[in-house]
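Inspection log for the structure reproduced underneath, given as structure tokens.
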Protein chains: 4
Amino acid sequence: MAPKIVDREERRRALAAAATAVFAEKGYAGARIVDVAERAGVGKGTVYEYFRSKEELFFAVFELMCHEEHARLGAVVDQDAPAVERLGSLVRSLVADAVDQVELYGVTFELWSGCSHETYGDRLRTAFADLYRDFRGHLAGLIREGQGAGEIRAGLDPEGLAAVVVGAIDALGLQYWVDRSVDVISAADTFVEALRAGIAQ
Amino acid sequence: MAPKIVDREERRRALAAAATAVFAEKGYAGARIVDVAERAGVGKGTVYEYFRSKEELFFAVFELMCHEEHARLGAVVDQDAPAVERLGSLVRSLVADAVDQVELYGVTFELWSGCSHETYGDRLRTAFADLYRDFRGHLAGLIREGQGAGEIRAGLDPEGLAAVVVGAIDALGLQYWVDRSVDVISAADTFVEALRAGIAQ
Amino acid sequence: MAPKIVDREERRRALAAAATAVFAEKGYAGARIVDVAERAGVGKGTVYEYFRSKEELFFAVFELMCHEEHARLGAVVDQDAPAVERLGSLVRSLVADAVDQVELYGVTFELWSGCSHETYGDRLRTAFADLYRDFRGHLAGLIREGQGAGEIRAGLDPEGLAAVVVGAIDALGLQYWVDRSVDVISAADTFVEALRAGIAQ
Amino acid sequence: MAPKIVDREERRRALAAAATAVFAEKGYAGARIVDVAERAGVGKGTVYEYFRSKEELFFAVFELMCHEEHARLGAVVDQDAPAVERLGSLVRSLVADAVDQVELYGVTFELWSGCSHETYGDRLRTAFADLYRDFRGHLAGLIREGQGAGEIRAGLDPEGLAAVVVGAIDALGLQYWVDRSVDVISAADTFVEALRAGIAQ
DNA sequence: TATGAATGAGTTTTCATTCAT
DNA sequence: CATGAATGAAAACTCATTCAT
């Protein structure tokens, strides 16, 4: 009459977290469901109690990562400082995060790559497009704010500039992924400095 | 008396090209050797006459792509124009290439992702590190040239700036991959403009 | 002081009935214990409170069906009419029942098929042999009765004839199962007519 | 240029034959693809070179059985003798076959049962309906022939009678399947005798 | 040299059954 | 008693690779 009480939502999250780690380590194809189960300390079958298939687990990982990325972004944007300042600290902070979490880049690449997948590509592409649009939107807002306050040259296209900034962050992370000896932290500083000079009134 | 040597080399390239297309479409894990063979119009066994394994085919694809990327890069760098000018046209030209060949990004992601693979990750990472180092080297050279000629501010770190430029190109390509409606061509223009202003003397 | 004993028995029957429906729909192998539980409106674990295993549930279904079949048979045999008459109405009535309950034939096939099963085949075969022996016995009795009363030719082997009659009923049901457009009701009439003429004195 | 030459059609047949034996022994659900492969003396993967799935193998078995049944039927119908005579020898011969091949009845039941299967039921039902229609057609033809020759009473419905004969054959086989001690051969004789008397002019 | 038939290691997935609540 | 969360044995199926022709 009173079956075992389990916070299924919490359990799902924990499994997705375990999956994230395993996918990061071995890649989607290389990861076996048993690996995920073992990492989470449960039996193979339990994974299937929470996710219909390996693919669904993949999406759960994606959603988890998006959620955390979002949280990180929000923390920086909502500060109280001049727009240009916030733009700079956002770049620095996100690049620092990228360095801290390099291992996750492997999953990210697989997710990007998955965008061309016949069966679930659309779903992924849409989600990514939304994520990036949102990201660029935040940045463009910051830039417009800066233009309004006279800190940033009015002639620059906020959307285009936002795309560049987003891109630079991703790409510095990528370069670090490929070669841990690249000093992307100071590359970020250089970028911020050049950016500041380039966009300043 | 070494007949058909040329044919053999040509066949290898053709197979690698077929593999590139298939990997781009289905990803490394999703691609079957038969798919590659069919795409190339040969029998399954023939692929193994030219490549020891699927993994080796993956590397051949990588080398083919590197080769072509290198050719594209060289064409722009060796022009005769002010350094800042060449930097700008390089960015624009490479972003345009990225748009033209979006489908190939899928393989690129797979390759980046492969960097963390237990068995062949090192080999891939080294190759990528070299490629990017080389790429950044070219750009840093260009930047130093510009600093020598007084076109570019002396205070900026050429290596760091080069990393940012390389990154921006990759990342604009990525954004286009995810969302074909993003106008990365004009984002590239904005970037070039901001860059010019930011780094100018 | 044995409370709820009746309830328990009733519940078992209800579960067996649910299982009959599910087995009929998906076959023994295709039916999941959860399906049965859901159909009966109880939890998965509850099924195991009443049946030791899926196999036992299968037998319970068999027994339930036997019980009902027996009841149907008895109702016809115990009538008060000439033997040949009762034989005819028995055939007609059982064929009519078969048409009414076609869906159940699916389980019947599974049960017949189960007779060759390594672990429980013997048990099933024995049960079926008994059932059919009993059935043939009733009919043979009827036939002998008819022979005694001079309605039926004495030369015919009662057991053999009974086997044919039993068979014809099953088989008309089968043909209807396979093809609902076959008019087995009138086929039964034809059979009865031919039978009457064939066995009449 | 000249790969191993194999008669794929012949190989398929051999695999289907092996599958028939295994299905007969363990039932569809109980049979493992490895069992079939082993019985045929090939590797697990080879089965999949010839059949897309276990289900397709099931159908191949069905077709093989139909084909052989058809051959058996044809052999008897095309004889040269009075219609009633041929009808009788047909029944005796098919019942004798049923006794010889009892083990196959298990598969037959599974096939009949499969008719209600959601995904492939239609395909099976259609095939069976055709098979039986054809069977009844042959018999009805024989009966009409007999009526034309004045051997059989004109009042009897040929189609209905054919259904009964078909049914009787199936059902005698079934009773033998369930209980090997039932003497279906002499039951067949009794049936033929009663039939002859019942339908004779 | 080219081919495709054969193979089996390795994965995903299902589901009967157990058992803590 | 009832429940459903957890489990792992077992099976279908895929595909890189080998090798006889």
Side-chain angles (χ1 to χ4, degrees), chain A residues 1-8 11 29-38 40-57, chain B residues 3-4 7-8 11 29-38 40-57, chain C residues 3-4 7-8 11 29-38 40-57, chain D residues 1-8 11 29-38 40-57:
Chain A
M1 238 163 208
K4 207 181 292 187
I5 284 160
V6 176
D7 184 344
R8 289 188 69 84
R11 208 87 210 259
R32 282 139 64 236
I33 291 290
V34 214
D35 297 328
V36 175
E38 268 164 14
V42 300
K44 184 165 33 89
T46 305
V47 176
Y48 284 91
E49 288 284 324
Y50 293 86
F51 303 93
R52 201 177 299 280
S53 66
K54 194 181 179 186
E55 206 172 293
E56 198 183 304
L57 189 54
Chain B
K4 299 200 173 184
D7 275 345
R8 223 184 134 68
R11 198 111 208 232
R32 278 139 68 241
I33 291 290
V34 218
D35 296 329
V36 175
E38 267 165 16
V42 300
K44 188 166 25 113
T46 305
V47 175
Y48 282 88
E49 290 289 323
Y50 293 86
F51 301 93
R52 196 178 302 281
S53 66
K54 194 184 179 186
E55 208 172 291
E56 200 184 303
L57 190 54
Chain C
K4 299 197 171 185
D7 276 343
R8 225 185 132 66
R11 198 107 207 236
R32 279 139 67 242
I33 291 289
V34 218
D35 296 328
V36 175
E38 268 166 15
V42 301
K44 188 164 27 110
T46 305
V47 176
Y48 283 87
E49 290 289 324
Y50 294 86
F51 301 93
R52 197 179 302 281
S53 65
K54 194 184 179 185
E55 208 173 292
E56 201 183 303
L57 191 54
Chain D
M1 236 164 206
K4 205 183 294 188
I5 284 161
V6 176
D7 184 343
R8 289 188 70 83
R11 209 84 209 261
R32 281 138 64 240
I33 291 291
V34 214
D35 296 328
V36 175
E38 268 165 14
V42 300
K44 181 165 39 91
T46 304
V47 175
Y48 284 93
E49 288 284 324
Y50 293 86
F51 302 94
R52 203 177 297 282
S53 66
K54 195 183 178 185
E55 205 173 295
E56 198 182 305
L57 189 54

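Order of the sequence lines fixes the chain letters, A, B, ..., with proteins taken first and strands second; residue numbering starts at 1 for each chain. Every heavy atom of this structure was used, including side-chain atoms; hydrogens, water molecules and symmetry mates were not.
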* To do: Report the residue (Val42(B) or Gly45(C)) whose heavy-atom-nearest nucleotide on DNA chain E is the more 5′ of the two.
  => Val42(B)
* How long is the line joining CZ of Arg11(C) and C1' of dT3(F), in whole Å? -> 11 Å
* Tyr50(B) side chain near dA2(E) phosphate (N/O to OP1/OP2, under 4.0 Å) -> yes
* So which nucleotide from dT13(E), dT3(F), dT17(E) ends up closest to the side chain of Ser53(C)? -> dT17(E)
* Those residues that, when tested against Glu49(B), pass side chain to side chain contact (heavy atoms under 4.5 Å, CB included) (two or more places apart) -> none
* Contact class for Ala31(B) vs. all strands (heavy atom < 4.0 Å): base, sugar-phosphate, or nothing? -> sugar-phosphate
* Structure fact -> Closest non-hydrogen contact found for Lys54(D) with Ala29(D) is NZ-O, 3.7 Å
* **Point-to-point distance, once rounded to the nearest 0.5 Å, from CD of Glu56(B) to OH of Tyr48(B)** => 11.0 Å
* **Approximate separation, where rounding is to 0.5 Å, of Ser53(B) OG and Ile33(B) CD1** => 8.0 Å
* **Closest listed nucleotide, where the reference is the side chain of Arg32(D) and the choices are dT18(F), dT12(E), dA12(F)** => dA12(F)
* Between dT7(E), dT3(F), dA12(F), which one does the side chain of Thr46(D) approach most closely? -> dT7(E)
* How would you label the contact of Val34(B) with the nucleic acid (heavy atoms, under 4.0 Å): base, sugar-phosphate, or nothing? -> nothing
* Structure fact -> Closest heavy-atom pair, Gly30(C) versus Asp35(C), reported as atoms and distance to 0.1 Å, is O-OD2, 4.3 Å
* **5' precedence on DNA chain F between Ile33(D) and Gly43(C) (nearest-nucleotide basis)** => Gly43(C)
* Asked: When the nearest nucleotide of DNA chain E is assigned to Glu49(B) and to Gly30(A) on a heavy-atom basis, which residue is associated with the more 5' position?
  -> Glu49(B)
* Starting from P on dA16(E), measure out to OH on Tyr48(A) and report it in whole angstrom. => 17 Å
* Which residues share a side chain to side chain contact (heavy atoms under 4.5 Å, CB included) with Glu38(C), sequence neighbours left out -> Val34(C)
* Which of these nucleotides, dT14(F), dA16(E), dA16(F), is closest to any side-chain atom of Lys54(B)? -> dA16(F)
* Tell me: CD of Glu55(A) to C1' of dT11(E), nearest whole Å? -> 15 Å
* **Spacing between Glu38(C) atom CD and dA2(F) atom P, to the nearest angstrom** => 17 Å
* Asked: Between Phe51(D) (CZ) and dT14(F) (P), how many Å, whole number?
  -> 15 Å
* Structure fact -> Here DNA chain F, pairs taken as Watson-Crick or G-U under 3.5 Å and shown with ( ), [ ] when crossing and | when to another strand, reads .||||||||||||||||||||
* Looking at every strand, decide which applies to Lys44(B) at a 4.0 Å heavy-atom threshold: base, sugar-phosphate, or nothing. => base
* Look at Arg52(B) and dA16(F) and indicate whether a side-chain polar atom (N or O) is within less than 4.0 Å of OP1 or OP2. => no
* Asked: With Tyr50(B), which residues qualify under side chain to side chain contact (heavy atoms under 4.5 Å, CB included), at least two apart?
  -> Arg8(B), Arg11(B), Arg12(B), Leu15(B), Thr46(B)
* Any Arg8(D) side-chain N or O less than 4.0 Å from OP1/OP2 of dA5(E) -> yes
